[in-house]
Structure formats: C-alpha cells, structure tokens
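To keep things clear, I will list the structure first and then write my remarks on it.
Per chain, numbering begins at 1; letters A, B, ... match sequence-line order.
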Amino acid sequence: MKFTFSWLQDHLEPTASFDAIVERLSLIGLEVEGVEDKARQLAPFVVGEVLTAEKHPNADKLKVCTVSIGKGEPIQVVCGAPNARAGLKTVFAAPGTVIPTSGLELKIGKIRDVESRGMLCSARELGLSEEHDGILELPEDATPGAPFAEVLGLNDPVVEIAVTPNRADCLGVAGVARDLAAAGLGELMAPKVKPVDGTFPAPLGVTLEFGESSSLCPAFALRVVKGVKNGPSPQWMQDRLRAIGLRPINALVDVTNFMTFDRNRPLHVFDLAKVKGNLVVRRGRPGETLKALDGKTYALDETMCVIADENGVESLAGIMGGEASGCDETTTNVVIESALWDAITIAQTGRKLSINSDARFRFERGVDPAFTLPGLELATHLIQEICGGEASEVVLAGVIPDTTRTIPFPLSEVKRLAGLEASEQEVRDVLEALGFAISGAAPVLEVVPPSWRGDIEGKADLVEEVVRILGLDRVPATELPRGEDARKAVLTPLQLRSRKARRALAARGMVEAVTWSFVSQEAARLFGGGASELALSNPIAAELSDMRPSLLPGLIKAAGTNAARGFADVALFEVGQIFLDDTPTGQRQAATGLRRGTAKPSGAGRHWSGTAGAVDVFDAKADATAALAACGAPVANLQVTTDAPGWYHPGRSGTLRLGSNAMAHFGEIHPAVLEALDVSGPLVAFEIILDKIPEPKAKATRVKPSLDLSAFQAVKRDFAFVVGREVAAADILKAAQGADKKLVTAVGLFDLYEGKGIDPDKKSVAVEVTLQPRERTLTDKEIEEVAGRIVAEVTKKTGATLRA
Amino acid sequence: MSDTDVTDQSAIADLEQDIASAIMRAEDEASLEEVRIAALGKKGSVSELLKSLGAMSPDERKVMGPAINGLRDRVTGLITHRRSALKTKALEARLATEKVDVTLPVREAAAETGRVHPIAQVMEELTAIFADMGFSVAEGPDIEDDFHNFTALNFPPGHPAREMHDTFFLPPGADGQRKVLRTHTSPVQVRTMQTKTPPIRVICPGRTYRCDSDQTHTPMFHQVEGLVIDKGAHLGHLKWILEEFCKSFFEVEGVKMRFRPSFFPFTEPSMEVDIQCDRSRPGEIRFGEGSDWLEILGCGMVHPNVLRNCGLDPDEYQGFAWGMGIDRIAMLKYGMSDLRAFFEADVRWLSHYGFRPLDFPTLAGGLSA
C-alpha cells in the first residue's frame with residue numbers, strides 16, 4: 001500500500017514531522033517498506049537560468065553557457081543540449097553533486113579547452129524519465145536557485161507500507177490517518193459524507209439472484225450520473241495515482257481507483273449506454289466467459305459471482321470489470337456500483353483465474369460494510385465535481401449487514417496479557433481514537449468495534465489495539481525464572497540419539513548433508529517407497545515429487561553431483577526423517593551414510609604412507625556399528641544377518657539386528673540401483689533406523705557396575721581352524737566364546753586365509769582366545785583342557801577342523 | 001731396589017703403554033673386548049701378572065702388588081671409558097643414518113575432516129540456550145493434517161493467510177481430507193498443548209515446507225518455535241526471553257530489539273521483532289551495535305481461539321509463542337549468503353561452513369567457541 005505525504009494530509013493534520021510519522025508507522029503495525037523522497041534525493045539540484053549560450057569555439061555541437069542560480073557570479077557551463085538557450089530556466093548541478101543515475105560525482109573540468117563548472121541536466125540524468133533529447137525546461141516563473149524538485153511538484157514523498165491481512169481498513173489512506181491520529185501524530189479530519197439527492201429514478205435496477213444457493217453478495221448499491229463529460233482527471237488526482245504506481249485512464253475510472261486507495265472502497269463504473277436491461281448479480285455459468293478490462297478472456301463457472309445484463313456477463317464481481325461495458329471518453333451516462341462481496345468467493349475466484357486486482361485484494365480482506373452507501377455518495381460527489389452530470393436516486397439490493405457487537409473488556413486484561421500498566425483513561429483514549437464505542441465503567445468496559453474493524457473478535461484483540469498504540473516499548477522486559485524444577489534432560493532419547501549418531505559419524509570423517517525430504521518417484525520406488533499417499537499433489541519439480549522412504553537416494557545423488565564436480569571420494573551422511581506412510585507413526589528418524597571411491601575412514605586417495613583402496617562393505621559396517629554404539633545400542637549382542645533390502649548388493653550386505661528387530665542395514669549399493677540413479681561406484685552405505693534402537697532401562701542411580709579386576713594373569717591361545725567357505729565367522733567366534741563362558745573373556749579373529757594349501761571349498765580362520773582366570777593361576781593341564789573344549793565346540797558348531 | 005725391580009717395573013709400564021694404545025686403537029666394542037680379554041681375561045697379560053704375585057716373596061709382593069693392581073685398575077678404567085666413548089660414537093653413527101623427512105605430510109584425522117551441518121549445529125546452540133531457561137525440545141510429524149497445521153491455529157478455511165503459506169498437499173485420504181506438509185512448526189505447539197498440562201515450556205525445531213523456490217526461498221527450510229503456557233505468562237516475559245536469546249545466540253553483551261505490531265492468525269497481540277545491527281561493513285553484519293534494524297522473528301500471545309482449540313481455557317491459561325528460521329539465523333550468525341547452498345550437499349560448502357565433530361555448542365564454552 002502506497003500513499004504520498006500530501007495525500008495523507010487530506011485526512012490528517014500532522015502535529016509531527018514526516019520523518020517522525022514514517023518511524024512511528026512501523027511501530028504501530030504499519031511496517032514501512034520504503035520511502036521515496038525525490039525532494040531529498042534531488043536536493044542538490046537547483047533552478048538555473050541560462051543567461052547566455054554561445055557556440056563552443058572548438059566544437060560545433062557544444063555551447064558555452066553562463067548560468068545564474070540567483071546568487072554569486074554567473075557560472076560557466078559547457079553544454080551539449082540542443083535546447084540550451086538564453087532565457088531558459090533549467091536544472092543546474094554544481095561540482096560535487098552526485099548524478100543519481102550514473103553515481104558519478106561532478107568535477108570542475110575542461111571540455112575542449114573551455115572550463116565547465118557544473119552541469120545542466122536532462123530528465124533521464126535525474127532518473128525522472130527516459131527523456132534525453134535535451135535539458136529539462138522549467139516554467140518561466142521558476143526562481144533561480146530554488147530546489148528544482150519543488151518547482152516540479154516532486155516534493156511529495158511516497159511511503160510504502162506493508163498492511164497485514166487483518167488490517168484491511170489501512171488499505172485506504174483515511175484508515176492510515178486514523179491510526180496515526182490515535183498514536184498522537186495529528187488530528188484526524190473525517191468530515192461526514194453528505195448524500196447527493198437524486199433528481200430522478202435510476203433508469204436500471206439490480207436483482208440478486210442466487211436461488212437456493214448461498215448469496216455471494218450481501219448488498220449491491222448503484223446509481224446513475226447522467227450527462228457527464230468524461231476526460232482526463234484533474235492533475236492532482238493524476239499525480240497521486242502516478243505517485244503510487246497507477247496509470248491514470250479517464251476521470252470516471254480514476255475516481256474508482258482513487259476511492260479504492262483513499263477509502264478502501266473499491267467501486268466499479270459501467271457505461272450505461274453499453275448495459276442492456278437491468279443488472280443481475282448471480283453465480284457464473286459453465287461455458288460463460290468474460291473479456292475483462294485487462295484485455296484477457298476468462299472462463300467462468302458456478303463458484304464465481306458475476307454481474308450480468310441482457311447481453312450476458314459484464315463484470316467479474318469484486319475483482320474486475322468487463323471491457324464491453326467499461327467507461328471511456330465517450331461515456332455520458334455512468335452507472336456507479338458500490339457493493340459488498342463474499343470474501344472467500346472473491347479469494348477463490350481470484351486465485352482460480354490468477355487475477356490480482358486492487359479490488360480483489362481489498363474485498364478478500366474485508367471492506368467497511370457501513371461505508372457501502374457513503375462510498376457511493378462520495379464517488380458521486382467526485383464525479384460531479386470533475387465531470388458534471390446529474391445523479392439519480394440510489395438503488396440498493398440486499399441488506400447492508402449490521403456488524404455491531406459488544407465485547408466485554410476487563411481493563412485488567414492489558415496487564416494480564418501484555419504486562420503493561422495502562423490507566424483507564426489511556427485505554428479509553430486509544431480505543432475511542434480508533435473508532436471504538438465504549439460504554440460501561442471500570443473494571444469492565446463494554447466495547448463496540450467500528451464497522452471497519454471486522455478483525456476485532458475479543459478482548460485479546462483490544463489488548464493489541466491498546467498496546468500497539470501506546471507503544472510496545474512501554475512493555476517492560478520481565479524475567480521469567482526457570483522455576484523450581486530440577487535440571488533434567490530436555491531431549492527425548494530419540495533426539496539424543498540423533499545427536500550422538502551425528503557426532504559419531506562426523507568423527508569418522510563423514511560430512512553431514514541436509515537433502516530434500518522429497519525425491520523423484522523413480523528414486524522413491526528404488527528404495528521401497530513410491531506409495532501414492534506419499535506423492536505430493538503439487539510438487540515443485542518432478543525430481544522432488546515423493547516423500548523419501550530412505551535418505552539414500554538424496555545422498556547417492558549428492559555423491560554423484562560431487563563426483564561430477566571432481567570430488568569422487570566423498571563420505572556423506574544425513575540424520576533425518578523418512579516416511580513409510582502418511583501418519584505420524586509412519587515417520588521414522590534415520591541415520592544414513594555412504595562412502596564413495598576411496599573415502600575410507602582412515603583417509604581417502606593416494607598418500608605416500610599408503611594409498612587408500614576402494615571402500616568396501618566393512619567400512620559401511622564399521623560406520624553403522626560406530627553410530628549404533630554411540631546411540632547406546634547393545635552392539636556386542638547384535639546379530640548380523642544377510643538379508644539386507646533389495647537396493648543392496650545381495651552378497652555384500654548385511655542387517656544388524658536384535659532378534660526380529662532389524663536396526664540397521666549396510667553394504668554395497670546394488671549396481672542396478674546405482675545405474676538407475678546414474679551414479680558410478682564403488683559406493684557403500686548403511687542405514688540405521690534410530691527409532692528401533694531399544695531405549696535404555698531407567699536406572700535409579702548413575703553408578704557404573706563395580707570394576708572387577710582379576711589378580712591373575714590372562715592367558716592367550718591361538719587356534720587355526722579350517723572350515724567350509726560358507727561358514728560365517730561369527731559362528732566360529734560364538735562357538736569359541738561359548739566353550740567356557742566364564743573363562744573365555746575375548747575371542748579375536750586375526751587371520752583369514754583361502755588359497756594354496758587349503759581345499760578350494762575351505763578357508764582357514766585363526767582366532768586368539770583370551771582366558772581370564774578368576775581364582776588362581778591356570779595350570780598347563782587346565783589350559784589344555786579348555787583348549788580342547790574350544791576346539792570341540794567349534795568343530796561341533798561349524799564342522800571345523802584344527803589346521804595341521 | 002734390585003735390577004729385577006727396575007726391570008719388572010719398566011716392563012709393567014711398557015705393558016701398560018701397549019695395552020693403552022691397543023685400547024685407543026679399538027674402533028668398535030668388539031675389538032675393545034678383544035683387547036680386554038688379552039689384558040684382563042683369564043690368560044690375559046695383566047691377569048698373568050696378577051697370578052705371578054702368588055709366587056713372589058712378601059717383599060717383592062709389597063712392591064709389585066700395588067704396581068700390578070694399579071695396572072689392572074688403570075686398564076679397567078681405560079676400557080670402561082673407551083667403551084662408553086665407542087658406544088656414544090656408535091649410537092651417533094646409527095642415529096646419523098636414521099634421519100627421516102619429518103616434513104612429510106601425515107594423514108588428517110577423521111575427526112578433523114568430518115563435519116556437522118550448520119543447521120544441526122545451530123539447533124544444538126538453540127537447545128543449549130533454551131534448555132538453560134527450562135525449555136525442553138518437542139517434535140512432531142512433517143506430514144500434518146489440516147486441523148493441526150491450520151484450523152487449530154485459527155486459520156479459518158478460505159482465509160487469505162492460508163494462501164500466504166504456499167502449501168504442499170498430499171492426495172486426499174479415505175476420509176477425503178488432504179494431508180499437508182507442515183508449513184510451519186506451529187502444529188507441534190498444538191500437539192504439545194493437546195497432550196501436556198501447563199506449565200509448558202518447549203521449543204519446536206524442525207523441517208517445514210512451502211512450495212516456493214527462488215533466490216531466497218527453498219521448498220524446504222527449518223524453523224524453531226518456542227511456546228510458553230502458564231498462568232500469568234505475558235508479553236513482558238516474552239520480551240525478556242527473546243532478549244536473553246539474542247544475546248546468547250549472537251554472543252554479544254547486549255542487543256537492542258524493536259517490537260513491531262504485526263499479524264499472525266495464531267497470536268493476538270502479534271509482533272515482529274527487529275534487532276539492532278551494523279551493516280556498514282561490506283558482506284558482514286554485526287549484531288548489538290550500529291543503527292540498522294533487521295527483522296528476525298515473529299511472536300505474540302497465543303490466540304484465545306488456539307488455546308480453546310487445544311482444550312485450554314483462555315481465561316485460566318495464557319502464554320506466548322515465537323518462531324524464526326533456523327537457516328536464516330544460521331546465515332546471519334555465520335555469514336552464508338545463499339540459502340539454497342544449505343541443501344545442495346556440496347562437500348566444499350559443507351567442509352567450509354560445517355562444524356568439527358567435537359565442537360559441541362555449550363553455554364560454558366560460549367556456544368561457538
């Protein structure tokens with residue numbers, strides 16, 4: 001919403017400076033988005049009178065001028081403008097002035113050996129227009145030395161404010177003035193609008209025809225002014241419309257635009273000569289179209305509200321008029337429409353047809369219903385003033401709704417909600433200045449909001465009015481003590497795990513990414529997703545269409561993008577949400593990572609100390625295990641099974657689980673999946689579902705289990721087993737461990753061999769078993785006995801034989 | 001003194017000289033050992049002389065004893081000394097050959113190359129600040145229903161404010177209702193109020209979505225909201241909390257704030273908050289100084305309709321809420337210029353703007369120290 005300072009002064013007699021008003025606007029809720037003050041920008045530019053203009057001795061197209069600026073000696077300026085001539089009043093800029101369009105600072109210079117001490121300016125150089133055929137020509141009565149902006153009437157600063165959706169009343173200058181007056185920045189001038197007595201019955205009527213369906217038009221008023229002479233509107237009106245970025249069209253149309261911005265009262269004018277029969281306000285019909293004033297043709301339907309005559313639809317109600325019945329210079333009899341429309345219909349229609357008109361903007365936010373008729377009268381006055389003519393009687397269809405409601409307002413609410421001490425008088429003064437009617441007395445006032453404040457529902461709204469006008473800076477910052485509660489965890493176990501997984505993975509050299517929560521449908525399908533309930537109805541792009549079933553597609557794509565940039569060895573991870581269905585429980589928290597190329601945990605790429613090999617499934621397993629451990633998962637008890645989902649390599653992947661609870665998968669990504677995503681490997685990854693990690697048991701104390709140190713030295717024994725190649729290493733370790741659960745405290749696997757000397761379908765697995773005696777040192781005999789049991793157990797469970 | 005004495009004495013002197021020069025000639029410990037054996041071994045020259053003492057008369061022994069023993073002691077001393085010298089020399093020689101180029105680069109530790117995303121880091125900073133003021137962290141689903149995202153928050157159907165949210169929709173379910181991707185984290189406030197009994201103090205960080213994409217908007221971004229519901233929690237408390245937050249977060253002594261009335265359907269009164277800043281240095285914003293204002297958040301008293309919709313009596317309970325963009329405050333604090341880069345997973349950007357894994361934000365450490 002834009003307005004000029006002089007326009008504001010139609011409604012407000014300011015008692016504060018322009019700058020003070022601008023500053024205060026933001027503080028009462030009308031946020032200033034910009035101020036354009038040509039007078040300030042152009043202050044160094046003054047009226048200069050060309051005294052003499054002689055041909056330049058060394059250049060045909062240049063002139064040497066002497067210029068008077070009212071004081072001091074005449075100034076010599078070299079000028080190339082064809083219209084530079086003696087007696088011309090134009091714009092002069094002295095050395096030191098910065099030219100707004102070029103940003104260059106003027107200097108005293110010599111042009112072809114003749115000194116020039118300043119510049120005579122064109123409109124383009126001042127950023128006023130594209131005109132550059134010559135220097136500006138000012139009126140003859142302009143006073144040399146006077147600020148030039150004043151001479152051209154540019155000294156009316158334009159203010160742009162952002163009006164929040166609840167403050168439709170401030171979409172008119174009069175409403176802004178009311179707020180400023182309430183804030184003590186001036187006197188509100190609000191003369192009553194005198195009705196114009198109609199001298200004849202309106203030659204056309206209007207009916208509201210909604211049949212059984214709900215009415216989309218509470219009230220529609222019209223009147224005809226006959227014998228008008230339409231033409232350009234007066235200069236003051238044109239200046240104002242131009243200042244706020246509107247194009248003056250003709251007086252009748254300009255009056256409607258002026259009323260829109262002056263009073264938040266959008267109107268429409270029809271040329272009576274182009275209207276056939278009476279007007280009907282009704283729903284649109286499928287198949288109907290309207291060529292609107294913007295020159296475009298719109299298809300209408302029954303959700304929209306239209307104004308029609310016997311020729312068909314003439315106007316899209318409350319949004320935009322039709323071209324066929326519009327007013328132009330030939331209009332002599334004009335129909336003025338002032339109506340109320342259903343805000344939701346206006347919003348939906350405008351959205352459906354993508355029309356963003358000033359009328360739509362206002363009607364969907366709410367205009368003052370009580371001003372429907374006064375607005376019509378005011379427009380009549382303006383039209384008669386500018387175009388002459390004779391006004392008909394007013395026709396009103398429907399009923400102007402009565403919005404009167406009373407809100408009981410305990411004065412204590414101001415302190416209760418805002419923490420602000422305000423006296424009863426202050427509260428009354430603010431509300432009354434804003435147009436609220438007050439009855440009753442402390443402690444509870446009875447407050448009736450004005451008709452233009454449809455947004456006021458209850459006492460909280462009244463508190464806002466009081467506080468914003470008295471000033472939010474009057475509310476004292478008040479400490480909110482943290483209370484008696486003991487300090488305890490503020491994070492849920494899941495939040496804590498997300499954090500721990502993140503730090504653990506970053507500590508393994510991985511870099512955290514945040515990728516989109518949506519992926520392409522194809523990618524979603526590759527990772528077990530793609531259900532229709534998780535596909536966006538209005539995706540922003542095809543590759544961002546489905547809620548992700550896994551963090552992997554985003555990360556794999558990112559690895560590909562980085563590789564394309566020359567960063568082939570990346571280790572990326574993300575901790576974030578995945579979606580199994582569209583319910584709150586279908587959202588899971590995952591910690592997922594990948595390594596590509598040679599991005600090993602020990603470092604990537606070539607190095608003199610040892611060049612990193614390709615990443616492998618064990619890197620991914622180590623990452624998953626580290627993150628699980630950091631999250632408190634019972635890592636030592638997890639089983640590893642070979643049933644990872646289909647997007648992993650079937651022979652080089654695994655699942656980490658506790659019984660039926662599969663917490664994590666890891667492995668090489670399936671080559672076909674990589675191909676589908678157009679990313680090359682080697683690429684290994686893991687996925688942990690953090691929700692699946694069992695929550696630790698609540699403990700009464702934080703005491704750690706007591707430390708049990710044996711006084712006797714541990715004994716280590718090595719065993720080399722030959723087993724079938726298909727035997728899982730974990731089974732050998734488990735069997736060795738199980739041979740004597742008390743004595744065997746650790747089993748390590750230190751060598752794995754397949755090849756020469758071993759049957760082709762067998763492998764050699766060497767383990768180191770640690771025996772920790774508790775009561776006394778083990779004798780050789782006892783050690784041998786345990787070793788025998790270990791071999792027996794491993795043999796029994798895995799079919800292994802001790803390697804010779 | 002007899003001639004024999006003289007002869008024996010001079011023989012000892014000669015022997016000593018011979019041994020001494022042999023010791024000095026020994027260039028390594030092995031040859032020194034040979035010299036030692038030749039002199040002091042079982043059949044060594046000095047040992048033989050010592051043995052000869054037994055055959056001497058007491059008088060002779062009186063003279064020769066000290067002479068021979070002296071010889072032995074001096075030879076032993078010389079050998080010890082020489083051995084030590086040779087050992088030092090040998091060590092020096094070995095060390096001289098063991099030189100490596102210590103300027104060779106070592107591999108960087110994994111904990112040095114890993115990074116935590118700025119959004120995660122800033123979320124942890126926020127948590128640290130608000131946890132200290134007694135807030136806990138609440139979360140909710142990204143896929144929301146219309147009630148939690150809009151209706152409960154006092155967005156009536158058809159209200160223009162709904163349109164301002166550029167909502168992503170999912171297909172209608174069996175009940176005909178379209179689910180939405182939450183356009184703000186406010187539904188978490190609703191869920192919190194529905195399930196918890198006041199007093200409530202939570203912050204709700206999380207992902208939010210709007211179908212909008214340009215230089216400064218991404219279809220996904222992050223918000224954090226705060227909510228306090230209590231008897232008597234008012235605007236003054238909100239002001240205090242936000243002032244404390246800004247000082248802590250931007251790590252400045254003080255920061256002037258400007259509260260401007262504004263509008264949100266779910267708060268009444270509503271405000272936007274600007275903070276004092278200095279933008280006079282190119283490409284850098286400093287907070288807590290200067291005369292510029294920068295908008296950083298929206299806030300207000302929870303609307304009575306919202307309290308009612310969540311099952312709370314607005315005459316008994318009241319409270320306030322605020323919300324801001326996590327990405328945005330991260331950009332302001334750490335100086336990233338392009339929001340889109342947050343989500344592009346470019347390792348160059350992540351390595352530069354990300355945080356080291358062991359740099360946990362703590363209040364004790366000044367958050368970003």
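Note on B:D132 versus A:R487: salt bridge recorded, some NZ/NE/NH1/NH2 to OD/OE distance being below 4.0 Å. Between A:D582 and B:R178 there is no salt bridge, since no side-chain nitrogen of the basic residue lies less than 4.0 Å from a carboxylate oxygen of the acidic one. With salt bridges taken as basic N to acidic carboxylate O contacts below 4.0 Å, one links A:E574 and B:R207. A salt bridge links A:R503 with B:E124; the closest basic N to acidic carboxylate O contact falls under 4.0 Å.
The side-chain contact (heavy atoms from CB on, under 4.5 Å) search around B:T267 returns B:F264, B:S270, not counting sequence neighbours. For A:Q495, the side-chain contact (heavy atoms from CB on, under 4.5 Å) test picks out A:L491, A:T492, B:V137, B:E139, with sequence neighbours left out. The side-chain hydrogen bond (donor to acceptor under 3.5 Å, both in side chains) check on B:S291 picks up nothing, with sequence neighbours excluded.
Interface remark: of the candidates A:F579, A:F573, A:W608, A:W608 forms the most heavy-atom pairs closer than 4.5 Å to chain B. Your options are A:E31, A:E465, A:M547, A:K488, and the one with the most heavy-atom pairs under 4.5 Å with chain B is A:E31.
No option in B:E244, B:K239, B:H234, B:R201 other than B:R201 meets the side-chain contact (heavy atoms from CB on, under 4.5 Å) test with A:L480.
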Evaluation steps, salt bridge (Lys or Arg N to Asp or Glu O under 4.0 Å), between A:D581 and B:K179
CA-CA 12 Å; A:D581 60 48; B:K179 295 221 168 161; over 6 Å; no

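Proximity to chain B at a heavy-atom threshold of 4.5 Å picks out A:A558, A:N562, A:R565 from residues 556-565 of chain A, in numerical order.
Residue A:A541: no heavy atom, backbone or side chain, is found under 4.5 Å from chain B. Neither the backbone nor the side chain of A:A531 comes within contact range of chain B; no heavy atoms are under 4.5 Å apart. With a 4.5 angstrom heavy-atom cutoff, B:P219 touches chain A via backbone and side-chain atoms both. In this structure, no portion of A:D546 lies under 4.5 Å from any heavy atom of chain B. Of the two parts of A:L555, neither the backbone nor the side chain holds a non-hydrogen atom closer than 4.5 Å to a non-hydrogen atom of chain B.
Using a 4.5 Å cut-off on side-chain heavy atoms (C-beta onward), B:L170 and A:L536 make contact.
Interatomic distance, A:F567 CZ to B:D346 CG, rounded to the nearest 0.5 Å: 7.5 Å. From B:S213, atom OG reaches atom CD1 of A:I540 across 4.5 Å, with rounding to the nearest 0.5 Å.
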